[in-house]
Structures are given as structure tokens and as C-alpha cells.
Trainee: 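Before we start, here is the structure in question, set down as C-alpha cells.
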2 protein chains.
Amino acid sequence: MARLIDIAREAGVSEATVSRVLNGRSGVNEVTRTTVLDAARRLGRVVEPVAVGHGPVVGVLVPDLDNQVFSAWVERLEAELFETGASTLVGVRARTVEREREILQRFLHAGAVAIIVVSGHHAQQQSPLDHYREVTSAGIPLVLVNGVQRGLDAAFLSTDDEHAVRLVLTHLHELGHRTVGLAVGDEHTWPVREKLRAFEAATAGGDGPQPVAFTDFSYAGGYEAARELLDRGATAIVCGSDVMAAGAYEGIRSRGLEVPRDVSVVGYDDVFWASLSHPPLTTVRQPVASIARAAVRTALGGGEDSRRPARTEVVVRPQLVVRGSTAAAPSAAASMER
Amino acid sequence: MARLIDIAREAGVSEATVSRVLNGRSGVNEVTRTTVLDAARRLGRVVEPVAVGHGPVVGVLVPDLDNQVFSAWVERLEAELFETGASTLVGVRARTVEREREILQRFLHAGAVAIIVVSGHHAQQQSPLDHYREVTSAGIPLVLVNGVQRGLDAAFLSTDDEHAVRLVLTHLHELGHRTVGLAVGDEHTWPVREKLRAFEAATAGGDGPQPVAFTDFSYAGGYEAARELLDRGATAIVCGSDVMAAGAYEGIRSRGLEVPRDVSVVGYDDVFWASLSHPPLTTVRQPVASIARAAVRTALGGGEDSRRPARTEVVVRPQLVVRGSTAAAPSAAASMER
DNA sequence: CAAGAATGCGCAAGAACTTTCAGAACACGA
DNA sequence: TCGTGTTCTGAAAGTTCTTGCGCATTCTTG
């Protein structure tokens, strides 16, 4: 980095004047100040907006922003961080672990004082954890949302997916559905395993084997999964995301069936357009606001007080939002008509 | 701030060791390092994640993240910034100018080297500009997207809304629509005025007065506007956003009419769910990717080379995506049937 | 127009921080 | 047990940055 003496020579002033300018001290003529600033920039010296200092910055990492749940996460986290006086760095598209590592490094590099990761590779079962350790060992509090990993000095906050699926299954059973299909993404992923657990408990509960389709959380994934689950006799389909549910609608229609008359569909997330779809989607609302608040508090509060970011593990229960995509099972409806 | 010598005494080591620890130099025992770090924190010395330095950070300000266009903007801008090695700060909810100013200050405070504002208060006609000048006079390049203001030393990049509306009107005229309604938000806003201009040119073109409804860019706004425009004889409704179009669908249905048989609807933005709505929405696709690329290049490139962030003004043409919500006008369809 | 005040800048002292170098402490193999 | 090598640390010298002070220049006022 250019030294004061270099800048001084470049600007044709003394070292002292450069020092005063760079530290925002008074007693320097505006013209001289500009000359010095220009020289400093020419020599590649980082001229930070002085007199304003250095506010806290927190990194937020999400998988993408196309899925509206994740923009909702960013929106809530930014709101909470803003309240506490911090600024929000975002990172997107951490598709590979390598990429995720690069983004985390970028956060550290940008001076983040805490990092919050939503649905990152920590949700993956066999994921390496070294890149998270690089963060924690730098003394930066790490908060991981929707996923749990042993042996990591971080805080974990998750939606209670098992409970969510229980809520959904209870709702569908009350409507007379006996064969309920589950459409989810990668099996080795924390939220999927949680959902699966509740699902298998229900299977064991006496309704016989309940079909499960593993595709991915996209529209196309929902389409495929729905068609497969229909073939396996499902009269209701529980999707791992609202986008999947939209795809499921289309898959069901492609078989000449109608939602909810012939098949019920349940989404997950409760994104903006869920209530605008036809029929309006019954879905599970993630407790984004409360988790976001807790995440920010953990990220910023824990770091100062106890120095130890308290390896906490909190699970928050979501809420079932019943709209128009679930109805009585066809057979049940028939028996009711009788 | 505590000096090295103070920390050294507190930790019971030499000044040299403290210097090494604080600069992340190697050759210090892990135990000693921790002792020093603890002592430094006790004395209130900011222990930044050193050894990583200070990468460039760019601020991105959007009005909200509920509307998916804005998450798309953030997504693209983040992608472009990441490519060039910069990190992305986001600011949301700049509802008032005061708030916008606060967010911009926050960006400066966090060390942003450039700032990009999408659809901010610069789109407002009578908006004060002082808070933008605070940015530019700090030597920080400012890029303002979708809005133009005279007398500001910033770069302006916008979607060609006038052209967009021309495209839409041509499409609708070809389908036989003679009375086309425009549903937009605040009249004093740059994108609205641009759209209005093309609309009024069409009005003057011989089809007589074309109705315009000023509500807001929300779902409710679209609902209200659609009902008003139907009352005024419109057979096609051009909306200022896809969310408005979704509201318009509902408004049209509330009158017992059907899209597109009775009324055609055109949206604006081409958000993710536009193709999933029923019927799939004909809409205008904003050139988000190309503008985002140009914005980042202007923000980061212009600052170094010429020192002057080149008060540019670029307008990019959008694209009409024809789907299922536009069809021949009722009268024209009737005459075709004959 | 001159005296005094205010402002702006460089010199040089010295404060703050970094780095070199050598020695202490420890580990390990002969 | 004795070398030999490695790791870690502090003393001191070196580098970089800050600041008190005084001089020069410009502005202000009677």
C-alpha cells in the first residue's frame, strides 16, 4: 500500500498534510484536500469515507433469490439487522461447497462481524464442515438456519418440519385421505429427512405404505413427482415447496384430474403468490419472521456478551394455512354424498 | 483506542507479540494468540477478521423484496458483482426519502465503494436530491436505475418504458382492441410518465381517449384499476406490474368477465409466476440482466479510470412476451366469427 | 493601509506500530 | 546425556504515521 510519504510527493504537499486529510482532521484547505485525495486514489490507496467510521456488517447467505421464500428470508433478516444498526451483505448461488466457501471468505474479506446461512450446505448430511470452521475460528459468530450439524461451534435455528408434516397429515386424514404422497428434493438433506420422519411415523400408524417421490424443489420436480405419486395411488400430494406445488398442479392436470376435486395439494413456504394460484394453495407458513429475529439476536448479541456464540439449537413451529387446494378425498366425498 | 503496549501489558506479553497477533502473522502459539485476543477485546480494541483484508463492497438499494422483480434485480446485480470480485450490501424499504438517506449513509458507513439504486426516490419527479449528492461528493460512484434526474453527477440506466408500451399497444391493436386501459401507480413517477407518453401518443393517434387509472403497483391497486377501466369501456388492460395484473384478473372476474375471452390483460416485469398464472400472463420482460451488467460496469469501472463517474444516461429496450392473457377483442372476435 | 486575527502548511519530535534477530524452551534422535 | 533442530517470544532497531508549534499567507476591520 502506498505510504503517506508517497502520496505527499504525488500531491506536492508534506506528509503531515496527507495524514490530516486521510484522518478527516480539520485545518486543511478544501482544494488541498481534494488534491491529496486524488493523489491517494491514483496510487491505489483506499480512501474510505472517513468521519463516518465503520459500522457493523453481517453476511447473509441464501441458495437463490428466484424462490420467493429466500427473498423473504433476506427481507426479514435485512429488516432485523437494520433495526440493530447493522448492514446486510448478501451472497447467493452457493451451489457447490467450494462456492459456498468462496462466498463465506468474501464475507470475512468484506469485514463481516457475523454470518447467517439459510439452507446452505449445512443442511446436507455428508457435507464437509471445514469452511464453516474457518469462519468460527476467525471468531465470527455463525448462525445456520434450517439444518443441524454436530461438531460445529455455531448456533442452529430451524423450522420444525416434522411438526409441519404432522399438521398437514392430520388435516388430510380429517378430509378422508388414506394414501398421501410426499414430493421432496434430495433425500440426504436435513429438512427432507425431518419431513420423512413424520411421514414414516404416519405410515407406521396403520394407513399402510405412503408413497414418497424424490425429485427436486423446482417446478419441473413438482410436475414429475405428482405424476409418479398419482400412479402410486395418492389422493393427496404434500410438496416440499410452493414452487413444487405449482408444478404438481400442472402434473395433476396433465392426467386429466382436477385440484382439489380429484387430488388435494399442500405446499410449503407460503410465498406471495400461493394465495393467488388457482385454486389458492393450502400451505405451511415458515416462521420466517421469528427465526430471522432470533438469528440476528444470536449473531450480534452472542458475540459480545459471552464471547462464546452459544452452540444453541432452536426449533420453531410453523403454521398450516388452509386454502382451496385441499378437499375431501374422492371416495370420502362419494360416501358423504350417499 | 487501546494501544498495543496496553494490550501487551494486559496479556502479559510483549508489544511485538500483540502486533503479530493483530496482524494475523504466523509464529505465535495458539494459546498466546487467544490470550492476546481476549485481552484486546477486554480493552475494547476492535478485533477485525484480519489476514483477510478488505475487499470492495457495493451497496444495492431496492424498494422491497416482496415484489419478485426486485429480488431478480438483487439476484442479477449480486451475480455481476460477485464476478468482478465485489461483495453486495443490500438495503430495502426506502419508503421515505429520509429512510433512503439513512440507508445510503449506512452504505457509506459500511465502506461501500459504489452504490446502485433501483427504482428509488430518484424516480420521483419532485424528489429532493441532496442525499444523492452526499454520496457523489464523497467520491462514491452512484448508479440510478429506472429513473432520471437532471443536475446529478450520477449514471442513469433505465428500461425503455415508452417503447415497452408501444410494443404492447401494437400487439393489442393487431388483436382488434380499440379501447385500451392503462393501470399504473403514482403519476409523478418516472416510469409511469414514460408509459403515459407512449399511451397518449396512441390516444392522439386516432383511437380517441384511452382511459388511465392511477392506483398503485400492488394487487389491490390492480383490482381497483381493472374495475374502473372496465367501467370506462376498456377491452384490454395494460398493467404497470405483474402483481397488478394478478389483481386485475380478480377485478375482471369480479365483474363476471373472463380473461382473455372478454378482456385481455398485459403485465409488466415477467416475474417467475407470470407463466404459471391462469391464463399465463402476456407481459413485458425487463432487461434486468443487461442493465445489471451495465450498472456494475459503470459503478466499478467508471470510478477508477476516469475518476469522473461519467454522467451517462442509457436506455435499454425490453421485450414483449406473448402468452395466454391476450386475445382478439370481443367485437373483433364476433366479426371474425361472422 | 496597517494591525491583528484566522487560516493553512511544513518541520521535526515523538508516538504507534512492525520487523529483525537472537536467545530460551522444548522435542527428538543418536 | 548431549547435540540438533524447531518453535516461540522479547529486546531493540526500524518504519510509518500523528501532532505540537511556529511561520507564512490571506482575510478582516478600524
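Quick note on labels: first sequence line is chain A, next is B, and so on, each numbered from 1.
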Trainee: Within the pair A:T17 and C:dG10, is there a side-chain N or O less than 4.0 Å away from OP1 or OP2?
Mentor: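 Result: yes.
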Trainee: Measure from CZ on A:R20 to P on C:dG8 and round the result to the nearest Å.
Mentor: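 The answer, rounded to whole Å, is 11 Å.
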Trainee: For residues B:A112 and B:I140, report the shortest heavy-atom separation together with the two atoms involved.
Mentor: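 Taking every non-hydrogen atom into account, O-CD1, 3.4 Å.
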Trainee: Mind calculating the distance between CG (B:N23) and C1' (D:dT16) to the nearest angstrom?
Mentor: 13 Å
Trainee: Look at all strands and tell whether B:V18 reaches a base, only sugar-phosphate, or nothing, counting heavy atoms closer than 4.0 Å.
Mentor: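 Counting heavy atoms under 4.0 Å across all strands, no contact is made by B:V18.
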Trainee: In this structure, how many angstroms lie between the C1' atom of C:dC17 and the CD1 atom of B:I7, rounded?
Mentor: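 So the CD1-C1' distance, B:I7 to C:dC17, works out to 11 Å.
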Trainee: Atom CD of B:E30 and atom C1' of D:dC8: how far apart are they, to the nearest Å?
Mentor: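 These atoms are roughly 13 Å apart.
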Trainee: Indicate, yes or no, whether a donor-acceptor pair under 3.5 Å links the base of C:dG8 to the side chain of A:R33.
Mentor: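 Not at all, since no donor on one side and acceptor on the other fall under 3.5 Å apart.
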Trainee: Atom CG of A:L4 and atom P of C:dC17: how far apart are they, to the nearest Å?
Mentor: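 Taking CG of A:L4 and P of C:dC17, I get 14 Å after rounding.
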Trainee: Are A:Q126 and A:H188 linked by a side-chain donor-acceptor pair shorter than 3.5 Å?
Mentor: no
Trainee: Among C:dT18, D:dC8, C:dG8, find the nucleotide with the atom closest to the side chain of B:E15.
Mentor: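 Looking only at heavy atoms from C-beta outward on B:E15, the closest nucleotide is C:dT18.
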Trainee: What's the CZ-P distance between B:R3 and C:dT18, to the nearest Å?
Mentor: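 Distance check: B:R3 CZ to C:dT18 P gives 14 Å.
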Trainee: Rounded to the nearest angstrom, tell me the gap between atom CZ in B:R25 and atom P in D:dC8.
Mentor: 16 Å
Trainee: Report yes or no: do B:Q124 and B:D186 form a side-chain donor-acceptor pair below 3.5 Å?
Mentor: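 B:Q124 vs B:D186: donor-acceptor pair found between side chains.
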Trainee: Quick one: closest heavy-atom pair of B:A294 and B:L157, and the distance?
Mentor: C-CD1, 3.9 Å
Trainee: Tell me what B:S19 touches on the nucleic acid: a base, only sugar-phosphate, or nothing, going by heavy atoms under 4.0 Å.
Mentor: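 Base, at least one base atom sits under 4.0 Å.
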Trainee: With the side chain of A:V28 defined as its heavy atoms from C-beta on, choose the nearest nucleotide among D:dT9, D:dT19, C:dC9.
Mentor: C:dC9
Trainee: With a 4.0 Å limit, can you tell me whether B:N29 has a side-chain N or O closer than that to the phosphate oxygens OP1/OP2 of D:dT9?
Mentor: no
Trainee: Does a side-chain heavy-atom distance below 4.5 Å link A:L37 with A:T35?
Mentor: no
